[in-house]
Amino acid sequence: MIRDEIVQALRAALAATGLPEPAGDLALETPKLREHGDWSSNVALQVAKQAGRPPREVAQELADALAANPPANVARVEIAGPGFLNFHLAPTWLHDVLRAVVAAGDEYGRGESLAGGRINLEFVSANPTGPLHAGGGRWVAVGDAIANLLDAQGASVHREYYLNDAGNQLDTFGASLLARYEGREPPEDGYQGEYLVEMAARMRAELGAGVTEEEAREWGYREAVRMLREDLARIGVEFDTWFSERTLHERGEVADVLKVLGERGHTYEQDGATWLRSTTFGDQRDRVLVKSDGSTTYLANDLAYHRDKFVRGWDHLIDIWGADHHGQVKSLQAGTEALGFPAGEPEVILGQLVRLQRGGEPVRISKRAGNIVTLADILDEVDPDVCRLTFLLQGIDTAQTFDLDVVTAQSMENPVYYVQYAHARIVSIGRKAAAAGVERRPLADVDLTPLAHEREIELLRALAVYPDVVAEAAALRAPHRVTTWVRDFAKDFHGFYRDCRVVTDDAPLTQARLWLIEACRIGLADALGLLGVGAPDEMARLDDDGAVEGEEAET
RNA sequence: GCCCUCGUAGCUCAGGGGAUAGAGCAACCGCCUCCUAAGCGGUAGGUCGCAGGUUCGAAUCCUGCCGAGGGCGCCA
């Protein structure tokens, strides 16, 4: 691509003038202002100090060297500001971008930065004690999108869900379910959620009378997993593996991990418990692995689990956790390192929690009333695409405020429609063109020089940058960057649509624009696909009140 | 006390070393004989929490302080 050609030309210019290479990457960016060219480099500023000369003088020397041996498509190089090198390209470079997009098709935006990598991505992993909480939807949407991004960079990604089915959480859950079944209130520290009442009724219908606590626990466990799978299926996420904690205990993996840690000299006995000397690996304090009552801690089990993942053959492990588990990161990483696995494994992506609101008021989870809001509740009211994109609107480092009224009642203002509409418009134009008997000729036979309108240029520039956006989003584990790109791109397209008619009497222009919008469609569909959001061929029409035609307007 | 994240327009948030800080919503003013107006254009709106420091250049990096959220169990 043109970008690499310019970088190479810059390197050559540096070498030719005897200037040093900058310490970091050779930065080449797209300036915010069009006057600053198509691409801009700050090498002269970076190198000026080492060279001991004014930046603009260095820039001039580089510009002269570049002029002597100009890269393809570069019309001119200007020096601006404190010493930026601004590359102004001939419009033809964007026509190359269009051809590249079409040639790549579904593959456009793919990268090779993780080629060959085998990654295990664990996310959601909510306890099998009920349906998914609405806030948990964030990890569903984010996790699936990150998996898509890693896949887009060439990695083989395995989506995994860890079922904590061996701890006392499940016992508490079973006791609570049995209490509801018997018409009692759940224990003080039990599960208060009202969904248990419904579950208990279903259990009675299935199992009849005389259910024991163990039977309640096992029935409830299976039922909860069924509900989790159902919720995930509704939003379109499928896991490759549902890993049961119980299997770790059954196969003796927890005991084995304890043995190995002991043999490696990383444990000690104190106060009747077995401790992991995790401070050796940077933890703030040592951690208990085996309690004085002989049972293992969550950490011990989790270490066995992560060792199991490595043994199954992944070369990189990623966990997505809510920030409320931040305190466990160092302990787990210390333990895996103590077991002999690479430092820094597993990589833990921490996401801030979701605050639920309704009409601006916080939704309180009342222990007594047990009025939890589930993901299923949201999916009852909004399209899965709306739900997903809402969770992917912002970076995961910020606590998200999820207002149920805004997301549900005002769903017509959700950005998802804005973006999907752009895609639908493109397909619609294709239908109109076909109906008018206009056929798109092979791209190789089409002259793209008519594409010179500012709107057209903007679209192609955005498409040119898209692969970089995807690569960066993958590297930073930040799917919202794709959301930001696709929103901006949809805006560009709507502007183009308004100003540039595609199907006209001007045959050469029509041909060029038909291919332009096809390239746009590829970009939109790809970005939406990475986010797990559909790219529809048509949208419902709205009447003047903003209500979907054919549906009753809400009053 | 210690650790992590955040603080940017009235609201929700992008931007995380570059040139004049952006978008959506809300407000105001315009645009449908024409491929879907779930659209487009314009106006208004900012001491980028505060104070220092590093740098040719800081919303961005460092330190401190203030504020918000989360964590620091022989719970999971």
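Fair warning: this is a prediction, and the values are worked out from it, not measured in the lab. All chains are named by letter (A, B, ...) in the order of the sequence lines, taking the proteins before the strands, and each is independently numbered beginning at 1.
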**Request:** Please determine, for B:G41, whether a Watson-Crick or G-U wobble partner exists with both distances under 3.5 Å, and give it or none.
**Result:** B:C29
**Message:** So A:N301, base contact, sugar-phosphate only, or nothing? Heavy-atom distance under 4.0 Å.
**Reply:** nothing
**Asked** What does A:L33 touch in the nucleic acid at a heavy-atom separation under 4.0 angstrom: a base, only the sugar-phosphate, or nothing?
**Response** base
**Message:** So A:H325, base contact, sugar-phosphate only, or nothing? Heavy-atom distance under 4.0 Å.
**Reply:** base
**Item:** Watson-Crick or G-U wobble partner of B:C6, both distances under 3.5 Å
**Value:** B:G67
**Asked** Are a donor atom and an acceptor atom from the side chains of A:Y298 and A:Q169 found within less than 3.5 Å of each other?
**Response** no
**Request:** Return the nearest nucleotide to the side chain of A:K291; candidates are B:C72, B:G15, B:A76.
**Result:** B:A76
Distances under 3.5 Å between nitrogen or oxygen atoms of protein and nucleotides 55-61 of chain B:
unit_1 : atom_1 : unit_2 : atom_2 : d
B:C56  : OP1    : A:K49  : NZ     : 3.0

**Prompt:** What distance do A:R3 atom CZ and A:D38 atom CG have between them, rounded to the nearest 0.5 Å?
**Reply:** 13.0 Å
**Request:** Please determine, for B:G17, whether a Watson-Crick or G-U wobble partner exists with both distances under 3.5 Å, and give it or none.
**Result:** none
**Message:** I want to check one thing: is the phosphate of B:G73, taken as OP1 and OP2, less than 4.0 Å away from some side-chain N or O of A:R285?
**Reply:** yes
**Message:** Of the options B:A19, B:G70, B:C2, whose atoms approach the side-chain atoms of A:Q284 most closely?
**Reply:** B:C2
**Message:** With a 4.0 Å cutoff (strictly under), does any side-chain N or O of A:R455 reach OP1 or OP2 of B:G41?
**Reply:** yes
**Side-chain N,O (A:K432) to OP1/OP2 (B:C34) below 4.0 Å** = no
**Request:** Whole angstrom is fine here: how far is it from CD in A:E538 over to P in B:A38?
**Result:** 14 Å
**Item:** Sugar-phosphate, base or nothing in reach of A:D171, heavy atoms under 4.0 Å
**Value:** nothing
**Item:** Listed nucleotide nearest any side-chain atom of A:Q328, set B:C74, B:C4, B:A76
**Value:** B:A76
**Asked** What about A:S292: does its side chain form a donor-acceptor pair under 3.5 Å with the base of B:C74?
**Response** yes
**Item:** Gap separating the CD atom of A:E347 from the CZ atom of A:R477, nearest 0.5 angstrom
**Value:** 4.0 Å
**Prompt:** Whom does B:C35 pair with, Watson-Crick or G-U wobble, provided both distances fall under 3.5 Å?
**Reply:** none
**Complete:** Pairing partner of B:C11, by Watson-Crick or G-U wobble and under 3.5 Å for both distances, is B:G24
**Request:** Starting at atom CD of A:Q357, determine the distance to atom C1' of B:G69, rounded to an integer number of angstrom.
**Result:** 14 Å
**Message:** From the set B:A19, B:A38, B:G69, return the single nucleotide nearest to any side-chain atom of A:R355.
**Reply:** B:G69
**Asked** Using a cut-off of 4.0 Å on non-hydrogen atoms, how would the nucleic acid contact of A:R431 be classed: base, sugar-phosphate, or nothing?
**Response** nothing
**Asked** Which is true for A:A323 with a 4.0 Å heavy-atom rule: it touches a base, it touches only sugar-phosphate, or it touches nothing?
**Response** sugar-phosphate
**Message:** Counting only heavy atoms and a strict 4.0 angstrom limit, can you tell me which residues of residues 488-507 of chain A come near RNA chain B?
**Reply:** A:K491, A:H494, A:G495, A:Y497, A:R498, A:C500, A:R501, A:V502, A:V503
**Prompt:** What nucleotide, of B:G69, B:G71, B:A14, holds the atom closest to the side chain of A:D324?
**Reply:** B:G71
**Message:** Under 4.0 Å, counting only non-hydrogen atoms across every strand here, what does A:A80 touch: a base, just sugar-phosphate, or nothing?
**Reply:** base
**Message:** Any side-chain N or O of A:Y418 below 4.0 angstrom from OP1/OP2 of B:C25?
**Reply:** no
**Request:** Find the partner of B:G57: check Watson-Crick (N1-N3 plus N6-O4 or O6-N4) and G-U wobble (N1-O2, O6-N3) distances, both under 3.5 Å, and reply none if neither fits.
**Result:** none
**Prompt:** Hey, does A:G395 reach any base, or is it just sugar-phosphate, or nothing, if we go heavy atoms under 4.0 Å?
**Reply:** sugar-phosphate
**Request:** Report the nucleotide, chosen from B:C75, B:G70, B:U12, that has the shortest atom-to-atom distance to any side-chain atom of A:T401.
**Result:** B:U12
**Request:** Would you mind reading off the distance between A:R487 atom CZ and B:U12 atom P, rounded to a whole angstrom?
**Result:** 15 Å
**Prompt:** Between the side chains of A:N127 and A:T129, does any donor sit under 3.5 Å from an acceptor?
**Reply:** no
**Fill in**
Checking B:A19, B:U5, B:C74 against the side chain of A:F84 (C-beta onward), the nearest is B:A19
**Item:** Given B:G18, B:C72, B:A76, the nucleotide with the shortest approach to the side chain of A:T297
**Value:** B:A76
**Request:** For the residue pair A:D385 and A:Q420, confirm or rule out a side-chain donor-acceptor distance under 3.5 Å.
**Result:** yes
**Request:** Quote, to the nearest angstrom, the C1' distance that separates B:U63 from B:U54.
**Result:** 11 Å
**Asked** Can you tell me the Watson-Crick or wobble partner of B:G52, both distances under 3.5 angstrom?
**Response** B:C62
**Prompt:** Using the glycosidic torsion, which applies to B:C13: syn (within 90° of 0) or anti (everything else)?
**Reply:** anti
**Request:** Mark yes or no: A:R138 above the aromatic ring of A:F391, with NZ or CZ under 6.0 Å from the six-membered ring centre and no more than 45 degrees from the axis.
**Result:** no
Using a 3.5 Å cut-off and no angle test, enumerate the donor-acceptor pairs between side-chain atoms of residues 326-335 of chain A and protein atoms at least two apart in sequence or in another chain.
unit_1 : atom_1 : unit_2 : atom_2 : d
A:S331 : OG     : A:D283 : OD2    : 2.9
A:S331 : OG     : A:R287 : NE     : 3.0
A:Q333 : NE2    : A:P346 : O      : 2.9

**Request:** Side chain of A:H326 only, please: which of B:A76, B:C3, B:A38 is the nearest?
**Result:** B:C3
**Request:** Using only heavy-atom distances, determine whether the side chains of A:T274 and A:E269 contain a donor-acceptor pair under 3.5 Å.
**Result:** yes
**Item:** Selected nucleotide, minimal atom distance to A:I429 side chain, candidates B:C35, B:A76, B:A19
**Value:** B:C35
**Request:** Report yes if a side-chain nitrogen or oxygen of A:S331 is closer than 4.0 Å to either non-bridging phosphate oxygen (OP1 or OP2) of B:C72; otherwise report no.
**Result:** no
